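The first residue in the sequence is number 1, and the count goes up from there. What you see is a predicted model; the values in this text were computed from it and never measured.
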Amino acid sequence: MNNNVTTASQEVDPVKQYRDRTGVNKAFYDRIVANKENWKLSRRQVQPIHTGEAYFVPAGSVFTIRQTHGPQINDVMFANAHDLRETSSFETTMQLEGFQMTTLNRAWTNVPYMRPIATIIEDGANYSDKDSLPDDNTKWHFFGPHCTTELIEAASGKSNHPSCQTNFEMAWGKLGVPADDARTRQADLNVFQPNDFSAKSEAGFSVGALHPGKNYEGGQYISFYAEMDSFVLVSMCPFGNQDAPILEVTNWPQTMEIYDSGIAPEENPRHFSHQEEWNLRKNQIEGTPEKPVIVRIPGVTTLEKADTSYNDAI
C-alpha cells in the first residue's frame, strides 16, 4: 500500500513533472567544453570590491568568474540584453533546477518568457575542501536572496554599509534601471558561498545554513554559457568569504572573463527533452467568460521577434 502511495505521489508531483519535461542536452555542452582550447578570450577584467558591474555577454559566449586574488562570494543576475524585462528568476529556476546549482544547471528567466538564459558548463569549485564543505549536504552555489544594507545594519549596528543590494543598484543603474526598480531586489545566484539546506531549527523546520568558503588555492572558477545575448550582473559581496563578522572580514577582487566559444546556442533554447515545440500561442484556445485567455506580451516565444521598445524607453 505504501509503495502505491509513493508511486502515485511521484506521478502527480508537479515539480517532478516540470523537471522531467525540461531535460538538458548534455552532449551539446560537453562539445562546448571539449572545444575549450579554441575559445577566444574577448575580455578580461578585475572587478574591485564593493562594486556591481554589468557585463555584456553575446549568445554562444562563456562567462567565467575566477578567484584570482582570494576567497570571495559573488552574487550573479542575468538579463536579456535586448529586453531588460526578461531576467533570471528564482521562482522559475528553483522549480526546474532546485536550490543548489552546479554543472549543467541553468538559470531560467521569469514568466512569461521562461527559458534558459545561462547554463553552468564548468564548476571549478573545490568539492574536496572539507574546511568549506563540512558534510555532503553543503555545496558551493545556490539560488537565493542577497544581503542588503538594512540586514547588515541589523546584524552589526553599522548603517549605510555597502551590500549586494547597493551593488546591484549600481550594476542595474549602468543599464538605465533605477535603484528602486524591483529587478535590483530579486533573488540571484550566490557563487562560492557554501550552503546547506538540510539545516533545521530547534522545532525541526528547514532553515538552511551558510558556511565560510575558506580556501581558494588552485584558482576556483565557475563558467556559464550564454543562451542569448545577455547582461551578466555581478556583485562583490561585502561578506568576503564569510570567515569573520561583516565589519572585520577581508574582501577580495575577482577576475571576470568572457570567451567566444565558437558554438552557437541550440535552436530550441528551452531544451525540452520531449522535443516538442513550446509556443504559448500555438495551442491557445478561444476564451470564455468563465475561462478567459491569458494575455501574453509580445516576444515571449522563439518564433517571434523580441520586443525591444522597453530598452529604447530607458
Side-chain angles (χ1 to χ4, degrees), residues 45-56 63 65-79 84-85 87-91 93-94 99 107 110 132 140-196 199 201 207-214 216 220 222 230-256 313-314:
Q45 176 176 324
V46 175
Q47 184 170 332
I49 66 173
H50 299 316
T51 61
E53 187 60 80
Y55 300 90
F56 175 68
F63 182 83
I65 301 176
R66 195 177 300 278
Q67 293 195 328
T68 51
H69 292 70
Q72 172 69 40
I73 300 165
N74 293 110
D75 288 64
V76 186
M77 295 183 186
F78 304 89
L84 295 179
R85 292 172 299 187
T87 66
S88 51
S89 163
F90 166 74
E91 292 83 359
T93 302
M94 184 273 291
F99 288 100
N110 50 314
S132 302
W140 277 103
H141 322 295
F142 73 99
F143 228 102
H146 56 255
C147 66
T148 67
T149 299
E150 292 75 14
L151 285 171
I152 292 173
E153 182 175 359
S156 69
K158 174 73 172 179
S159 61
N160 299 316
H161 194 281
S163 65
C164 284
Q165 177 60 38
T166 57
N167 290 344
F168 278 128
E169 291 173 7
M170 182 189 306
W172 277 107
K174 295 177 180 181
L175 304 180
V177 175
D180 61 354
D181 191 282
R183 283 166 290 187
T184 70
R185 301 189 293 274
Q186 63 191 345
D188 58 81
L189 178 58
N190 294 244
V191 300
F192 306 119
Q193 168 65 88
N195 60 91
D196 173 12
S201 69
V207 293
L210 302 177
H211 303 282
K214 296 184 178 180
Y216 82 104
Q220 293 192 122
I222 186 169
S230 310
F231 285 111
V232 181
L233 298 93
V234 180
S235 165
M236 305 296 290
C237 180
F239 280 89
N241 70 332
Q242 200 192 299
D243 68 344
I246 180 67
L247 302 183
E248 302 171 17
V249 71
T250 300
N251 286 256
W252 300 93
Q254 295 283 62
T255 299
M256 312 297 158
I314 62 173

Which distance, rounded to the nearest 0.5 Å, do you find between the NE2 of His69 and the CD1 of Ile49?
11.5 Å
With distance as the sole test, does Thr93 use its side chain to make a donor-acceptor pair with the main-chain N or O of Phe90 at under 3.5 Å?
no
Whether the side chain of Asn195 engages the backbone of Gln193 through a donor-acceptor N/O pair (distance < 3.5 Å, no angle test) should be reported.
yes
Quick check for you: to the nearest 0.5 Å, what is the distance between Cys237 atom SG and Ile73 atom CD1?
4.5 Å
Quick one: are Asp196 and His211 in side-chain contact, heavy atoms under 4.5 Å?
yes
Contact check, side chains of Trp140 and Ser132, non-hydrogen atoms, under 4.5 Å
yes
Using 0.5 Å steps for rounding, measure from the OG1 atom of Thr68 to the CD atom of Gln220.
12.0 Å
Heavy-atom side-chain contact between Leu233 and Leu175 under 4.5 Å:
yes
Examine distances only and state if a side-chain atom of Ser156 and a backbone atom of Ile152 form a donor-acceptor pair shorter than 3.5 Å.
yes
Does the side chain of Val249 come within less than 4.5 Å of Asp243's, by heavy atoms?
yes
May I ask you to check whether Ser89 and Asn110 show a side-chain donor-acceptor distance below 3.5 Å?
no
Atom pair CD1 (Ile65) and CG (Leu189), whose distance is rounded to the nearest 0.5 Å:
8.0 Å
Within 6.0 angstrom of Lys174 NZ, more than 12 heavy atoms from elsewhere
yes
Between Val76 and Val232, is a side chain to side chain contact (heavy atoms under 4.5 Å, CB included) present by the stated rule, with each step listed?
CA-CA 7 Å; Val76 186; Val232 181; 3.6 Å; yes
Closest heavy-atom pair and its distance - Pro238, Ile246
O-CD1, 3.3 Å
Report yes or no: does Arg183 contribute a side-chain atom to a donor-acceptor pair with the main-chain N or O of Leu84 at less than 3.5 Å?
yes
Any Met77 side-chain heavy atom under 4.5 Å of Trp172 side chain
yes
Polar side-chain atom of Thr255 near backbone of Val46 as donor-acceptor pair, under 3.5 Å
no
side-chain hydrogen bond (donor to acceptor under 3.5 Å, both in side chains) partners for Asn251, two or more places apart:
none
Is it the case that Gln72 and Gln67 place a side-chain donor and acceptor less than 3.5 Å from each other?
no
Kindly give the heavy-atom pair with the smallest separation between Ala54 and Ala171, and that separation in Å.
CB-O, 3.8 Å
State whether the side chain of Asn190 and the backbone N or O of Phe143 hold a donor-acceptor pair below 3.5 Å, judged by distance alone.
no
Mind checking the SG-CG spacing from Cys147 to Asn167? Nearest 0.5 Å is all I need.
7.5 Å
Verify, without hydrogens or angle tests, whether Gln242 (side chain) and Pro194 (backbone) share a donor-acceptor contact under 3.5 angstrom.
no
Please list, chain by chain and in numerical order, all residues satisfying ring pair (Phe, Tyr, Trp, His ring centres under 6.0 Å) with His141, sequence neighbours excluded.
Phe192
Verify the ring-centre separation between Phe142 and Phe99: is it less than 6.0 angstrom?
no
Taking Gln47 for the side chain and Thr51 for the main chain, is one N or O donor matched with an acceptor at less than 3.5 Å?
yes
For the residue pair His146 and Asp188, confirm or rule out a side-chain donor-acceptor distance under 3.5 Å.
yes
Answer yes if the side chains of Asn74 and Gln254 hold a donor-acceptor pair under 3.5 Å, and no otherwise.
yes
Kindly give the heavy-atom pair with the smallest separation between Pro71 and Lys214, and that separation in Å.
CG-O, 4.0 Å
Between Gln45 and Glu53, is any pair of side-chain heavy atoms under 4.5 Å apart?
yes
Using a 4.5 Å cut-off on heavy atoms from C-beta on, say whether the side chain of Phe78 contacts that of Thr87.
no
Is the Tyr55 to Phe63 ring centre distance short of 6.0 Å?
yes
Compute whether any side-chain donor of one residue and acceptor of the other, for Gln165 and Thr184, lie under 3.5 angstrom apart.
yes
Any residue meeting salt bridge (charged side-chain N to carboxylate O under 4.0 Å, His left out) with Glu169, in chain and number order, not counting sequence neighbours:
none
Pairwise distance CZ(Arg185) to CG(Asp180) - rounded to 0.5 angstrom
7.0 Å
